[in-house]
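One structure is given below, encoded as structure tokens.
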2 protein chains.
Amino acid sequence: MTAAVRCPPRERIIDAARDLFRKHGIKGIGVDAIAEAASSNKMTLYRHFGSKDDLVFVCLQEAASEAEAFWEGIKAANPGDPRAQLSDWVRRAGEFVTVEHCNCELLDAAAQLMESDHPARQFIEDLRGLYRERLVELCRAAGAADAELLVDALTLLVEGARTNWRSAGPGGAATRFVKVADMIVDDFMR
Amino acid sequence: MTAAVRCPPRERIIDAARDLFRKHGIKGIGVDAIAEAASSNKMTLYRHFGSKDDLVFVCLQEAASEAEAFWEGIKAANPGDPRAQLSDWVRRAGEFVTVEHCNCELLDAAAQLMESDHPARQFIEDLRGLYRERLVELCRAAGAADAELLVDALTLLVEGARTNWRSAGPGGAATRFVKVADMIVDDFMR
DNA sequence: GATAAATGTTACGGATCGGTAACATTGTCA
DNA sequence: TGACAATGTTACCGATCCGTAACATTTATC
């Protein structure tokens with residue numbers, strides 16, 4: 001996961017950047033700090049990524065490809081059983097969201113640079129649409145009464161858990177995400 | 001609501017600061033811009049508030065007192081009827097969260113300065129605890145099966161709606177917050 | 001109208017940050 | 001070993017930002 005001390009600087013920088021973006025926010029950390037955390041320096045950072053915005057973009061792409069693995073893992077673990085896949089989605093999303101330095105930089109980034117005209121805006125928006133489509137399809141296949149509304153509920157819960165976890169930590173409502181989400185999913189299954 | 005052109009500069013500055021903090025985030029706006037938006041200047045800003053952090057703190061206190069009015073409005077509109085109060089809470093929270101420049105700076109601030117050691121941290125944490133206690137009590141009085149868990153669900157939904165509204169706007173899941181929350185409240189009422 | 005307080009204006013200091021230039025060092029491959 | 005690419009180091013520029021100093025102007029109070 002975290003890049004070992006020895007691997008190309010480009011990877012080390014991406015890993016460090018993602019970690020620090022999660023911890024301090026995109027606008028809350030500087031490129032110098034990122035380069036130093038990557039055991040590299042600002043110059044090589046700018047040789048690999050033309051600007052801080054570009055680095056942000058690459059980090060988001062990295063996160064997106066991990067999200068791809070997230071979906072594939074669910075399908076592989078519950079082949080041909082949409083209802084089980086949905087439960088698994090809830091469980092994994094709960095883990096995902098309540099982990100120390102969680103991998104939801106997509107949500108964070110969305111919240112942080114939607115108000116500006118960042119080059120990654122469109123990318124995030126498209127991704128959000130893609131994930132929603134998939135989740136709607138999964139809910140429908142699992143037999144949800146109103147798949148769209150269920151996805152709305154799950155979306156709000158996930159984003160809320162992410163936000164709550166950051167600000168309230170392990171003592172907050174985020175730790176009960178799975179319990180709540182499971183209950184809501186059940187309610188839609190009749 | 002918004003301060004007219006003529007009222008003490010202190011109020012104009014607070015209003016402008018709250019507006020800009022909501023729009024750009026606490027770290028995303030400078031004191032110069034705040035002073036200019038308040039039709040004032042940086043010097044008088046610093047004469048009223050010793051530092052930007054102090055200004056943030058005062059803005060949060062202002063928002064907290066408005067939240068007080070929020071609660072009292074609910075109780076006044078539905079006297080002696082906890083179930084109706086809870087429904088009203090959902091409705092008003094929905095309005096609150098899906099308004100152009102919504103008044104949830106408390107949630108935003110929580111997310112933005114929890115990772116740092118901002119002087120307002122403790123204040124926000126205490127406030128969060130207070131609101132949770134009140135909501136738990138209301139849910140319990142309204143006859144919820146598991147008041148604590150219901151509050152967890154509502155908390156996640158509200159924070160999620162706030163985040164989602166900021167990044168996804170009127171087309172996102174936040175617009176269905178009331179529908180989802182009402183459904184969940186109903187589920188707990190048996 | 002005089003006096004004092006509050007507010008406005010301009011300029012500046014120190015710090016941080018994104019980004020670049022010039023040069024030194026390391027590593028790789030023939 | 002020699003040559004070349006990749007990486008590291010230092011220094012710097014311009015912009016932004018928080019905060020302050022000094023002085024000018026308005027406003028309120030007597």
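Just so it is clear: chains get the letters A, B, ... in the order the sequence lines come, proteins before strands, and each one is counted from 1.
Atom CG in B/Asp53 sits about 12 Å away from atom C1' in D/dG19, given to the nearest Å. For the pair A/Asp54 CG and C/dG18 C1', the interatomic distance rounds to 13 Å; values are reported in whole Å. Rounded to an integer number of Å, the gap from B/Met43 CE to C/dA6 P is 13 Å. Between the P atom of C/dA15 and the NZ atom of B/Lys27 lies a distance of 21 Å, rounded to the nearest Å. Following rounding to the nearest Å, A/Arg10 (CZ) and D/dA6 (P) show an atom-to-atom distance of 13 Å. Note: CD1 (A/Ile26) to C1' (C/dG18) measures 15 Å, nearest angstrom. Residue B/Phe49 contributes atom CZ, which lies 15 Å from atom P of D/dT20 at whole-angstrom precision. Rounded to whole Å, atom P of C/dA6 lies 16 Å from atom CD of B/Glu11.
With 3.5 Å as the limit, one finds a donor-acceptor pair spanning the side chains of B/Thr163 and A/Thr163. Residues A/Gln122 and A/Asp126 bring a donor and an acceptor atom of their side chains to less than 3.5 Å of each other. A donor-acceptor contact under 3.5 angstrom links the side chains of B/Arg128 and A/Ser167, judged on distance only. Checking B/Ser87 against B/Arg91 by side-chain atom types alone, no donor-acceptor pair falls below 3.5 Å.
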Throw together a table of side-chain donor-acceptor distances under 3.5 angstrom for residues 140-148 of chain B, partners on residues two or more places apart or in other chains.
| residue | atom | partner | partner atom | Å |
| --- | --- | --- | --- | --- |
| B/Asp146 | OD1 | B/Glu148 | N | 3.4 |
| B/Asp146 | OD1 | B/Leu149 | N | 3.2 |
| B/Glu148 | OE1 | B/Arg132 | NH2 | 3.0 |

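Checked against C/dG8, D/dT7, D/dG19, the side chain of B/Tyr46 finds its nearest nucleotide in D/dG19. For A/Lys52, taking side-chain heavy atoms from C-beta onward, the closest of the listed nucleotides D/dC18, D/dG8, C/dG18 is C/dG18.
Less than 4.0 Å separates DNA chain C from at least one heavy atom of each of the following residues of residues 30-38 of chain A: A/Gly30, A/Val31.
Between A/Glu68 and A/Arg134 there is a salt bridge, with a side-chain nitrogen of the basic residue lying less than 4.0 Å from a carboxylate oxygen of the acidic one.
Counting only residues at least two apart or on different chains, no salt bridge (Lys or Arg N to Asp or Glu O under 4.0 Å) pair has a member in residues 50-62 of chain B.
For the pair B/Ser40 and C/dT7, the criterion of a side-chain N or O lying under 4.0 Å from OP1 or OP2 is not met. When the side-chain nitrogen and oxygen atoms of A/His48 are compared with OP1 and OP2 of D/dA6, none of them lie within a distance under 4.0 Å. Contact between the side-chain N/O atoms of B/Arg12 and the OP1/OP2 oxygens of C/dT7 is not found at any separation under 4.0 Å.
Residue-to-nucleotide contacts include a donor-acceptor pair under 3.5 Å from the side chain of B/Lys42 to the base of D/dG19. A donor N or O paired with an acceptor N or O is found under 3.5 Å between the base of C/dG8 and the side-chain atoms of B/Arg47.
Among the heavy atoms of the strands, none lies under 4.0 Å from B/Ile13.
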